[in-house]
Novice: 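Sending over a structure as structure tokens; questions will come in a sec.
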Amino acid sequence: MGKFNSLPMRGFGRSAVPMSLLGFGAAPIGNLYQPLTDAQASAAVASALAAGIRYFDTAPHYGFGLSETRLGAALAQVSATDTVIVSTKVGRLLVPSTSNASVRHGFADAPLLEPQFDYSYDGVMRSFEASLQRLQREHIDILLAHDLGPLTHGADHPARFREFMDGGYRAMSELKAGGQVTAIGLGTNEWQICEAALKHGDFDGFLLAGRYTLLEQSACESFLPLCARRGASVILGGPFNSGILATGVKSADIASGKMPLYYNYEPAPQAIIDRVAQLETVCEEFAVPLAAAALQFPAAHPQICSVLAGLASDAQVQQSLAWMNTPIPDELWQRLRECELLHPAAPTPA
């Protein structure tokens, strides 16, 4: 495989792991919502590599090992002289399942395994070793503790957080000190738990899904400034808030009910639909695709080192690149501020 094309690069926290500004979210190649073949998954990864995408994020949870296995096989074809950055996650162990459901936890036709939360020292070490085997790697660039927080664990959150800080965090720190991992952090849908974690441990950064987007920017009030003070970076996942910022709300298919609207993994409430309509109207005024503004906006914050797009095909890779490179006039961002659709402290692309 030849040299990568050029994409802007940013470092991940004090570790300075080099991240491409556009990253490859590998949940779709774990059969998220719909099945893919191994060949389709490999082609999507190859397309991303050819386009200059150097950062790939996966997790044992994505297709119950399928995403890691497919990503590992595809990246095994990359020349040793080319830099590829991989992040994966710990916090769940995969155990045998007897379910005959075709879709489980959102993943279609996945291996007969069931994810089981385990943030203990031993659980994290076992998860890490299994990921190395599936990814065909001897080293992981970024290791993230997956889905801590009350949104996932409810009343069990305090116990899970203690389990992690007393056990899993110690395991991750040892792996980093031993050189098996370059950087550690959390991967979550809640910036509040990342902020809490910084009070108890030393993390290089975080993968925050859906919580710093065109739709919501409260993370820029206290969390992102705290990251700046602590030298921690943030990978922004879910820039389209589960899809609604990619599709908008005005197309004929949406109006007819043929295409459902999702926000935060669930059907979008009316207040969100109304706000997206406002955002879409401003983008239409400047002839800019809403998805382009949604993909470029998070990257304007200096603490955001990469924006992840879930990718499953060459077409999706090319579309994401086109959105990331769409010229957007300053006047669009100014209009969004005038309409009070952006937080006053949120920086916008220059």
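Residues take their numbers from the sequence shown, with the count starting at 1.
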Novice: Kindly state whether the ring of H200 and the ring of Y169 have centres lying under 6.0 angstrom apart.
Specialist: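 Centroid separation for H200 and Y169: 6.0 Å or greater.
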
Novice: Show me, pair by pair, the donor-acceptor contacts under 3.5 angstrom made by side chains of residues 135-146, not counting sequence neighbours?
Specialist:
| from | atom 1 | to | atom 2 | distance (Å) |
| --- | --- | --- | --- | --- |
| H139 | NE2 | T182 | OG1 | 2.9 |
| D141 | OD2 | V86 | N | 2.9 |
| H146 | ND1 | R92 | NH1 | 3.1 |

Novice: Indicate yes or no for a side-chain donor-acceptor contact from T152 to the backbone of G149 under 3.5 Å, with no hydrogens or angles considered.
Specialist: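 Pair absent, no side-chain N/O of T152 close to backbone of G149.
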
Novice: May I ask you to say whether R335 pairs ionically with E338, meaning some side-chain N is under 4.0 Å from a carboxylate O?
Specialist: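 Yes, this pair counts.
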
Novice: Do the ring planes of H301 and Y212 sit parallel (below 30°), tilted (30 to 60°) or perpendicular (above 60°)?
Specialist: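 The arrangement is perpendicular - the two ring planes meet at more than 60°.
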
Novice: Does any donor atom in the side chain of S242 or N264 lie under 3.5 Å from an acceptor atom in the other side chain?
Specialist: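 Side-chain D/A pair, S242 to N264: absent.
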
Novice: Please identify each residue that fulfils salt bridge (charged side-chain N to carboxylate O under 4.0 Å, His left out) with E331, with sequence neighbours left out.
Specialist: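 Applying salt bridge (charged side-chain N to carboxylate O under 4.0 Å, His left out) to E331 gives none.
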
Novice: Identify whether the distance between the nearest side-chain nitrogen and carboxylate oxygen of R211 and E190 falls below 4.0 Å.
Specialist: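 No, this pair does not count.
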
Novice: Would you compute the distance between atom CZ of R230 and atom SG of C227 and round it to the nearest 0.5 angstrom?
Specialist: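 Answer for the CZ-SG pair, R230 versus C227, is 9.0 Å.
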
Novice: Is it true that the side chains of Q303 and S233 contain a donor and an acceptor less than 3.5 Å apart?
Specialist: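 There is no such pair between these side chains.
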
Novice: Hey, what do you get for OG1 (T348) to CD1 (I328), rounding to the nearest 0.5 Å?
Specialist: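 Here the rounded value is 10.0 Å.
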
Novice: Could you check whether any side-chain N or O of Q133 sits under 3.5 Å from a backbone N or O of F128, counting only pairs where one atom can act as donor and the other as acceptor?
Specialist: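 No, Q133 side chain to F128 backbone: no donor-acceptor pair under 3.5 Å.
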
Novice: Can you confirm whether R104 is buried at CZ, in the sense that more than 12 heavy atoms of other residues, nucleotides or ligands lie under 6.0 Å from that atom?
Specialist: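 Atom CZ in R104 is crowded, with more than 12 foreign heavy atoms closer than 6.0 Å.
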
Novice: What's the verdict on ring pair (Phe, Tyr, Trp, His ring centres under 6.0 Å) for H153 and F161, showing C-alpha distance, side-chain angles and the deciding distance?
Specialist: CA-CA 10 Å; H153 298 292; F161 188 67; over 10 Å; no

Novice: Answer with yes or no whether the side chains of Q318 and D314 bring together a donor and an acceptor at under 3.5 Å.
Specialist: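 D314 vs Q318: donor-acceptor pair found between side chains.
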
Novice: Write down the atom of F64, the atom of A110, and the distance for their closest heavy-atom approach.
Specialist: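 So the two residues come closest at CD1-CB, 3.5 Å.
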
Novice: Using modelled atom types only, decide if a donor and an acceptor are shared between the side chain of T281 and the backbone of A277 within a distance under 3.5 Å.
Specialist: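 Flag set: sc T281 to bb A277 pair under 3.5 Å.
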
Novice: Roughly how far, to the nearest 0.5 Å, is CD of Q278 from CD of E340?
Specialist: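 Nearest 0.5 Å value for the CD-CD distance: 10.0 Å.
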
Novice: For the atom pair OG (S67) and NE2 (H61), what is the distance rounded to the nearest 0.5 Å?
Specialist: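 Taking OG in S67 and NE2 in H61, the distance rounds to 11.0 Å.
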
Novice: Ring centres of F286 and W333 under 6.0 Å apart?
Specialist: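 No, the ring of F286 stays outside the 6.0 Å limit from the ring of W333, centre to centre.
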
Novice: Run the numbers on Y121 and E174 for side chain to side chain contact (heavy atoms under 4.5 Å, CB included), then give the verdict.
Specialist: CA-CA 10 Å; Y121 179 94; E174 287 183 10; 2.6 Å; yes

Novice: What is the distance from atom CG of L148 to atom OH of Y119, rounded to the nearest 0.5 Å?
Specialist: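 Reported to 0.5 Å precision, the distance equals 4.5 Å.
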
Novice: Quick one: do D204 and K176 make a salt bridge, cutoff under 4.0 Å?
Specialist: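 Result for this pair is yes, salt bridge flagged.
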
Novice: Are the side chain of R337 and the backbone of H343 linked by a donor-acceptor contact shorter than 3.5 Å?
Specialist: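 Side chain of R337 to backbone of H343: a pair is present.
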
Novice: Ion pair present between D202 and R14, side-chain N to carboxylate O less than 4.0 angstrom?
Specialist: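 Yes, D202 and R14 are salt-bridged.
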
